[in-house]
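Throughout, protein chains are lettered first and strands after them, A, B, ... in sequence-line order, and every chain is numbered starting at 1.
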2 protein chains.
Amino acid sequence: MSDMNRRSMPLFSIGIVKSLTALTARQIRYYEDNGLIFPARTEGNQRLFSFNDVDRLLEIKELIDKGINLAGIKQMLPTREKPAADTLETPIEPEISDKALRQMLRQELMDTGRLGKASLRQGELSRFFH
Amino acid sequence: MSDMNRRSMPLFSIGIVKSLTALTARQIRYYEDNGLIFPARTEGNQRLFSFNDVDRLLEIKELIDKGINLAGIKQMLPTREKPAADTLETPIEPEISDKALRQMLRQELMDTGRLGKASLRQGELSRFFH
DNA sequence: ATTTTCGTGTTAACTAATCTAACATGTGTT
DNA sequence: AACACATGTTAGATTAGTTAACACGAAAAT
């Protein structure tokens, strides 16, 4: 129930999302303003994007490229985010020890690396290496 | 060859890594100073961690908890990072179109979400939701 | 039993990254 | 012509991250 899987974990700053999607910060924020994505926020109010968010932005980008406007995209993309409603009867989270938690996370991260070949064109992330 | 898979992509700021590992920024930087991890850097010199880095930090944390000192950990953990050496005969990266690149990334992100159940204790990432 | 080293905390001063809000602009719509 | 859409750009403020230094208890070395 409590929808906190790895895909919805807030992990990425807007700078990273820019490089992952080749969208501008302006575009990303505009799409949020128009209800297409709902990134989380840090305590200091900075956006944090999940894999889901990045995925969704890539879909948006494709549709934009096809000439579809935001209104159309909003219709087409599955309207995620059904906040509230099940916030009430959360069945008392079964407490997990911190150690077990870390272990789980570690396992998942282990599983994550499955792409063998070079998947990113050289230069794409070159700004990160200086 | 060009070792740029998803696990080694620089994605996470130190703030995120802190919350993922429950290490302090001080600890993370200290481990870097002592050659245990090698996060990438942004143009502006800020650290960017990969899944590999986070994974490795979690291993370090476990060993630390077991009372092993950094010298010991350094021995035990597989010494990643063999820079140079194969930087020369990179066989001319086969150019991939930007569109294909995005598509691949999108696919991978799709694949990424496989954890079904609630995996993080409530409160663990609560700082992200305000 | 001192002296050092190790691992971490804390602080200060600085720089990078991000935020909101406003105004600008080209393209398409009414 | 006037307007809305989608994006660029800029300014000013705030948050997040950086290095370097000093502090300090616990462990190791002398």
Check the angle between the aromatic planes of A:Phe12 and B:Phe12 and answer parallel, tilted or perpendicular using the 30° and 60° thresholds.
->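 Geometry flag for B:Phe12 against A:Phe12: parallel rings.
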Within less than 4.0 Å of OP1 or OP2 of D:dC5, is there a side-chain N or O belonging to A:Tyr30?
->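 Indeed not, no polar side-chain atom of A:Tyr30 lies that close.
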Any non-hydrogen side-chain atom of [X] less than 4.5 Å from a side-chain atom of [Y]?
X       : Y       : value
A:Leu23 : A:Lys18 : no
A:Ile64 : A:Leu70 : yes
B:Arg47 : B:Arg29 : yes
B:Ile37 : B:Ile60 : yes

Under 3.5 Å donor-acceptor, B:Glu62 side chain and B:Glu59 backbone =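 Judged by distance alone, no pair lies under 3.5 Å.
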Here the distance between atom C1' of D:dT7 and atom CG of A:Asp65, to the nearest Å, is 14 Å
Test B:Ile73 against B:Tyr31 for side chain to side chain contact (heavy atoms under 4.5 Å, CB included), laying out the working first.
-> CA-CA 10 Å; B:Ile73 294 175; B:Tyr31 300 155; over 6 Å; no
Base versus backbone protein contacts along nucleotides 16-30 of chain D [heavy-atom cut-off under 4.0 Å; B, S, -] = SSBB-----------
Only one of A:Val17, A:Ile14, A:Thr42, A:Leu11 clears side-chain contact (heavy atoms from CB on, under 4.5 Å) with A:Leu48; which?
->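 When A:Val17, A:Ile14, A:Thr42, A:Leu11 are each tested with A:Leu48, the side-chain contact (heavy atoms from CB on, under 4.5 Å) holds only for A:Thr42.
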How would you give the extent of chain B contacts on DNA chain C, as first and last nucleotide 5' to 3' within a 4.0 Å heavy-atom cut-off?
-> C:dC6 to C:dA17
